[in-house]
Amino acid sequence: MEFYQKLKKLRAQKGWSQEEFAEKLQVSRQAVSKWENGQGFPETEKLVKMSRLFQVSIDYLLKDEDQPFGEQGTIDEGYYASQEVVEAYLLNKKQGAKKIAAGVAILIASILLPMYFQEAFSYVLFMMVVAVGVAILVWQGFSVKAYEELETQPLVFDDSFIQDFRQKSLANRKRYGILIVTGIVIIILSFGIPFLTNDTGHADRDPLLALMPLTWAFAVYLFIIAGSAMEGERLVANNEEYVKEYEKDEELSKHGWIHAVVWPLATVVFLAIGFIWNAWHPGWLVFLVASVCTIAYTGWKSSKD
């Protein structure tokens, strides 16, 4: 594949018109048109800018051959993801996961406030903390989704890069597995905390109970961080398998409305149980019931389809 063919394809993948691309390069549309028709060649400064805009190497742009080759074929069979693009994608995903994990952890940890502090003050403080957690999640939800093309179509990599990446990914999976196992152990151990409060005489206000939502929050934080990292690396290391699963998930997403209904409803029920009957500790079981209901409904609808 020659330079002008690569230029046209890369521009199309970005969804830019010739005018938009020309503006980014600070050249005329006619110049871009000539390059894409094989009637001219840009100067070095423009090649450097193209490399940054498309996030590919200059070497790739200049080679007049169908490179990069990977296990999935040539660039005509997928979106070319350079090492720089992959690293930027994984960093972006990691930062997003930290925000989501922080928001969810704050929501879970907020349960301890009505359990531990005086009623009037605790309710106000509880709502403020919940508002912070929700704000973090909403902010992340409305953030511009970068590198969407990497998650929605087959990818093509440089052979040397993808082989090295897969070896590193295997080593990283052990680390992520340790984080997930740690979270599971923490949650299991947390259910022993109520037994430690039986001899206090005031179990409903025992400071040890505050450890339960805190340990759950920490465990869920570990789950989200490790799970997101594993998903991101799997997208790259096993891209063909990931794309097939993505297509299946697209089919299942039409039943996603059930999550938008059940989880807000579960939250309202949980708050009602807590504020009206002051039963925060068993009230969290509402979320377990919600999980079972959504999984059962999704599975049933999928089998019907």
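All residue numbers in this chain count up from 1 along the given sequence.
Under the 4.5 Å side-chain contact rule for hydrophobic residues, Y4 and L10 do not share a cluster. Follow the hydrophobic side-chain contacts under 4.5 Å out from V27 and you reach F41 in the same cluster. Connection of F218 to L214 is not established within any shared hydrophobic cluster, with ILVMFWY side chains joined at heavy-atom distances below 4.5 Å, either directly or through further cluster members. Connection of F223 to I225 is not established within any shared hydrophobic cluster, with ILVMFWY side chains joined at heavy-atom distances below 4.5 Å, either directly or through further cluster members. Note: the hydrophobic cluster containing V220 also contains F191 (ILVMFWY, side chain heavy atoms under 4.5 Å, direct or indirect links).
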Could you give the side-chain donor-acceptor pairs of residues 179-190 under 3.5 Å, partners two or more places apart or in another chain?
residue	atom	partner	partner atom	Å
T182	OG1	I178	O	2.7
S190	OG	I187	O	2.6
S190	OG	W216	NE1	2.8

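Between K93 atom NZ and I100 atom CD1 the span is 8.0 Å, to the nearest 0.5 Å. Separating the CD atom in Q13 from the NZ atom in K9 is a distance of 5.0 Å, to the nearest 0.5 Å. Between the CD atom in E231 and the CZ atom in R234 there is a gap of 7.0 Å [rounded to 0.5 Å]. The NZ atom of K99 sits 8.5 Å away from atom CH2 of W139, with the distance rounded to the nearest 0.5 Å. Rounding to the nearest 0.5 angstrom, the gap separating the CZ atom in R11 from the CE atom in M50 is 11.0 Å. Atom-to-atom distance recorded for M128:CE and L125:CG is 6.5 Å, nearest 0.5 angstrom.
Proximity of a side-chain donor or acceptor of N37 to a complementary backbone N or O of S33 within less than 3.5 Å is detected. The backbone N or O of A237 lies less than 3.5 Å from a partner atom in the side chain of R166, making a donor-acceptor pair.
For Y176 and E233, the side-chain atoms include at least one donor-acceptor pair closer than 3.5 Å. Neither side chain, Q163 nor Q167, offers a donor N or O lying under 3.5 Å from an acceptor on the other.
Each salt bridge (charged side-chain N to carboxylate O under 4.0 Å, His left out) pair with one or both residues in residues 168-185, not counting sequence neighbours, appears once here: D164-K168.
When side chains are defined from C-beta on, V236 counts as touching I162, because their heavy atoms get closer than 4.5 Å.
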Mind running side-chain contact (heavy atoms from CB on, under 4.5 Å) on F3 and L47 for me, showing each step along the way?
-> CA-CA 11 Å; F3 169 76; L47 283 172; 3.8 Å; yes

Trace of the side-chain contact (heavy atoms from CB on, under 4.5 Å) decision for I106 with V130 = CA-CA 7 Å; I106 288 173; V130 167; over 6 Å; no

Steps toward side-chain contact (heavy atoms from CB on, under 4.5 Å) verdict (Y221, V104) = CA-CA 8 Å; Y221 184 91; V104 174; over 6 Å; no

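More than 12 non-hydrogen atoms from other residues, nucleotides or ligands lie less than 6.0 angstrom from NZ of K46. Heavy-atom neighbours of K49 NZ from other residues, nucleotides or ligands within 6.0 Å: above the threshold of 12. Annotation: F54, atom CZ; neighbour count of heavy atoms from other residues, nucleotides and ligands within 6.0 Å is above 12.
Considering all non-hydrogen atoms of both residues, L155 and N239 come closest at N-OD1, 2.8 Å. The nearest pair of heavy atoms linking F165 to L90 is CE1-CD1, 3.7 Å. Here the closest non-hydrogen pair linking I224 and A97 is CG2-O, 3.8 Å.
Electrostatic pairing of K14 and E20 does not count as a salt bridge here, judged by no charged N lying under 4.0 Å from a carboxylate O.
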